[in-house]
Number of protein chains: 2
Amino acid sequence: MSDISRDHGGRGAPPGRIGIGLELDSTHLKILEVLRENGRISVAALAERVGISRANAYTRFEALRADGAIKRFTAEIDHGRAGLGITALIFVTVRQVMWRQFRAELARMPEVEYCAITTGQHDAMIQVRVSDVSEVHTLVTDRLANIPAVKATETVFILDEVMRRPYVLPSDQRPRPRRQPQESAPADVPLGKMRFVGAAEGRAALRKD
Amino acid sequence: MSDISRDHGGRGAPPGRIGIGLELDSTHLKILEVLRENGRISVAALAERVGISRANAYTRFEALRADGAIKRFTAEIDHGRAGLGITALIFVTVRQVMWRQFRAELARMPEVEYCAITTGQHDAMIQVRVSDVSEVHTLVTDRLANIPAVKATETVFILDEVMRRPYVLPSDQRPRPRRQPQESAPADVPLGKMRFVGAAEGRAALRKD
DNA sequence: GTTGAAATTAGTACGAA
DNA sequence: TTCGTACTAATTTCAAC
């Protein structure tokens, strides 16, 4: 099973935790940056591109894998070519107490490529890939609807995947002035059309079952 | 730039298109299946696992790359370890005529890991990774809000990524009885709590600007 | 599409800076 | 720690079958 959550009591480490093990320096990040673009590069070539010795590259490479900073290497496939040209997002509202059951059922659905727990109106978003639009219908009405943990769903189709970056590193971002902890976010930003949906706020709308 | 859309007039090939070039047989799919789990496996080991000769594996491997069925190899990183522990989904409503501009702006935002055009209430979903919750706020209110193409946004946070499969192959799915083209989807499925959101239907709700 | 042997490259170990 | 070198194992290429 491809479950990226670590087994600390059933939920993954909350996002935001950093550096439990290995302390990553700029050389480590440079290595990750090369590897995200070319996961099959040889360690020798990697060493050269990063500007370190081959031996050092081997050491760091292994450390990154052992530490879990690199979770795995994978090939990105053209899903259309592979016969799975239909992609859909299914937003699911889950009965919170039945969360474990929901996860177990998900694991049994190979069409599911990605699942994340979100704040907002729904509790989870799952991304599925199938070969035919009718399969989405079958999947949602037959499979998902039959999971007692599932309270409601909302499905949208993906018409085009405009961008997929392997991942992003802090080094990609332009340096931002470090904000002091007690300093709050700037309050003078014109909000207007922008809307943030917190977990409690959004969920309240669905609490009428 | 990491743009997975091919340049046929600015939009990628619509999902559902299959086999423009290479015809993929079951051996090709088996190769992809191995490569999705271990992108760094040697071709020799790959050949053994698939049950073909090395030379054959090299030929097919190269063909898959050249054809574009394998788009690239990449390392999956633990974003938290790399200092980008905050993940958010931003649903964006775009002024359709300004779509090109929106894409151009997206390309200039390294925080964006994924962007897909969807049916439903919004027009696009983007996934961003940053190191701090406040950066999401800055990103949405400062960067996105200043793009004229952006009409409205809705932001949710990802609390946990429960599952990420490298991709899914048709061979993963259990064989389904092939439905004849004129046959429609079964109409006797109890719908109830399930909801599909088509592009037109959902968008009508936002057409009040 | 397969096998096997040559050339190249990868991975490891270890002493020196 | 990191580097450089030398040594061993494995991989890729390319030939003939």
Side-chain angles (χ1 to χ4, degrees), chain A residues 18-78 81-83 166-167 169-172, chain B residues 18-78 80-83 166-167 169-171:
Chain A
I18 177 173
I20 307 163
L22 188 64
E23 201 62 42
L24 302 189
D25 59 23
S26 67
T27 307
H28 285 120
L29 291 180
K30 247 186 262 179
I31 291 173
L32 295 179
E33 203 156 327
V34 173
L35 252 23
R36 79 173 171 178
E37 279 161 20
N38 183 2
R40 270 185 90 86
I41 194 172
S42 72
V43 181
L46 174 68
E48 198 185 12
R49 283 194 52 178
V50 174
I52 55 176
S53 72
R54 221 151 61 89
N56 193 1
Y58 275 108
T59 309
R60 286 167 175 273
F61 182 86
E62 259 320 304
L64 286 169
R65 295 199 79 169
D67 182 61
I70 298 172
K71 287 187 290 194
R72 71 177 147 197
F73 292 94
T74 188
E76 270 183 30
I77 271 47
D78 186 318
R81 292 274 159 102
Y167 66 93
L169 286 180
S171 52
D172 289 337
Chain B
I18 177 173
I20 307 163
L22 188 65
E23 201 61 41
L24 302 189
D25 60 22
S26 68
T27 307
H28 284 119
L29 291 180
K30 249 187 260 180
I31 290 173
L32 295 179
E33 203 158 326
V34 173
L35 252 23
R36 77 172 172 182
E37 279 160 20
N38 183 4
R40 272 185 89 84
I41 194 172
S42 72
V43 181
L46 174 68
E48 198 185 14
R49 284 194 52 180
V50 173
I52 54 176
S53 71
R54 282 155 300 155
N56 192 358
Y58 276 106
T59 308
R60 286 166 175 275
F61 182 88
E62 262 318 306
L64 286 168
R65 294 199 79 168
D67 182 63
I70 299 173
K71 286 186 290 194
R72 70 177 147 198
F73 291 94
T74 186
E76 270 183 30
I77 273 41
D78 185 318
R81 292 272 161 104
Y167 66 92
L169 286 181
S171 52

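So you know, we letter chains A, B, ... as the sequences are listed, proteins then strands, and number each from 1.
What you find for A/Phe73 and A/Gly39 is that their closest heavy atoms are CD2-O, 3.6 Å. A pairwise comparison of heavy atoms in B/Arg60 and B/Ile31 identifies CB-CD1, 3.6 Å as the closest pair.
From B/Arg54, atom CZ reaches atom CD of B/Glu48 across 10.0 Å, with rounding to the nearest 0.5 Å. Rounded to the nearest 0.5 angstrom, B/Ile41 CD1 and B/Phe61 CZ are separated by 10.5 Å. To the nearest 0.5 Å, atoms CG (B/Leu35) and CZ (B/Arg65) are separated by 9.0 Å. The structure places CG of A/Asp25 at 9.5 Å from NZ of A/Lys30, a figure rounded to the nearest 0.5 Å.
Put simply, chain A comes within 4.0 Å of DNA chain C, heavy atom to any atom, from C/dA10 to C/dT12, going 5' to 3'.
Listed by first then second residue, pairs satisfying ring pair (Phe, Tyr, Trp, His ring centres under 6.0 Å) with a partner in residues 21-60 of chain B number zero, not counting sequence neighbours.
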Per-nucleotide protein contact along nucleotides 3-17 of chain D, 5' to 3', at a 4.0 Å heavy-atom cut-off (B base, S sugar-phosphate only, - neither), is BB-B----SBB----
